[in-house]
Amino acid sequence: MTDSVDVAALAEIAGSLAREVGEGVRAQRAVGVTVAQTKSSLTDVVTAADQEAERLLAAGLRRLRPHDGLLGEEGASTAGTTGVTWVVDPIDGTVNYLYDLPAYAVSVAATVEDGAPGTMSDGRRAVAGAVYVPSSGELFTAWDGGGAYLDGERLSGPTDTELGSTLLATGFGYTVERRTEQAEVLRHVLPRVRDIRRMGSAAVDLCMLAAGRLDAYYERGLQPWDYAAAALIAREAGVVVRGLGDNRAGEELLIAGARGVSAELATLIAEAYRRL
Ligand code: LIP
């Protein structure tokens with residue numbers, strides 16, 4: 001628990017803003033979406049809806065939590081004085097959004113930097129968060145020590161499986177170098193699991209894991225806004241979220257699953273990287 005902050009109240013704020021902005025994102029999708037700019041590569045795109053959604057999230061957080069910090073994927077960055085920094089991804093799964101595919105989400109997390117268990121490799125620990133999936137209208141929420149919920153119903157995560165029976169999600173970066181490496185790792189992993197799903201949104205992947213619709217997930221190269229809220233939701237649903245070895249989960253690698261399968265997966269992925 002985080003004693004000095006009312007984390008349940010922060011989760012309420014995260015949920016209401018994620019849903020409100022997400023409904024606007026969905027409405028814009030119906031009207032039409034175009035690429036506004038590219039980032040790390042020609043395929044790493046930003047739409048005007050991403051930019052507008054982040055502006056609305058920032059305005060809502062300024063109104064509700066005026067002294068907190070803010071870090072957003074599309075450039076929002078303000079220091080706060082409360083020790084709480086909101087980490088937001090206005091549309092996680094932007095390429096899916098651009099193509100009108102359903103796996104995209106609005107992700108809002110309240111984070112602190114206290115080094116407590118659950119701290120990710122960027123030094124932040126989410127203490128409250130929400131992920132809203134506009135295409136399904138599903139709202140995932142969680143707060144530190146309070147559990148994880150889908151539309152108010154408690155989530156209990158996946159049951160543990162053998163690696164060979166594991167439905168495993170993963171994702172890929174936007175540069176040729178990173179994708180070449182990830183393909184080599186996947187070549188090593190794919191024959192050892194039930195099947196792979198590449199849905200295109202880390203936030204959706206981790207929430208599907210929390211809801212027991214996947215058995216495990218791993219990805220390299222994620223940014224704090226991709227995972228901040230959804231990693232908390234997964235953890236509060238009983239999912240182990242880890243890095244390789246004793247490393248914290250985060251950009252280097254994020255592995256998530258029930259206890260047994262996450263340990264087996266970490267061993268398998270470590271082997272794959274050693275062979276590169
Ligand atoms: C996405 C991640 C996803 C990854 C995609 C992309 P974005 O974030 O959530 O896991 O595989 O390549 O990075 O760019 O849509 O916010």
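These numbers were taken from a predicted model, which means no experiment stands behind them. Whatever order the structure lists ligands and atoms in, that order sets their numbers, starting from 1.
For ligand 1, the 4.0 Å heavy-atom shell takes in Glu73, Asp89, Ile91, Asp92, Gly93, Thr94, Gly171, Phe172, Tyr174, Arg198, Gly200, Ser201, Ala202, Tyr217, Glu219, Leu222, Asp226, ordered by chain and residue number.
Note on ring orientation: taking the six-membered ring where Trp is involved, the planes of Tyr97 and Tyr104 are perpendicular (angle over 60°, cut-offs 30° and 60°).
Pairing each heavy atom of Ala105 with each of Val133, the nearest pair is CB-CG2, 4.3 Å.
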Item to check | Pair Leu17-Glu20, side chain to side chain contact (heavy atoms under 4.5 Å, CB included): steps then yes or no | outcome: CA-CA 5 Å; Leu17 281 178; Glu20 177 189 339; 4.1 Å; yes
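Under 4.0 Å is where a charged nitrogen must lie from a carboxylate oxygen, and between Arg187 and Glu184 at least one such pair does. With respect to Asp160 and Arg259, no salt bridge is recorded, no charged nitrogen being found less than 4.0 Å from a carboxylate O.
Pairs of residues two or more places apart, or lying in two chains, that qualify as salt bridge (charged side-chain N to carboxylate O under 4.0 Å, His left out) and include a residue from residues 66-95 are Lys39-Glu73, Lys39-Glu74, Arg65-Asp68.
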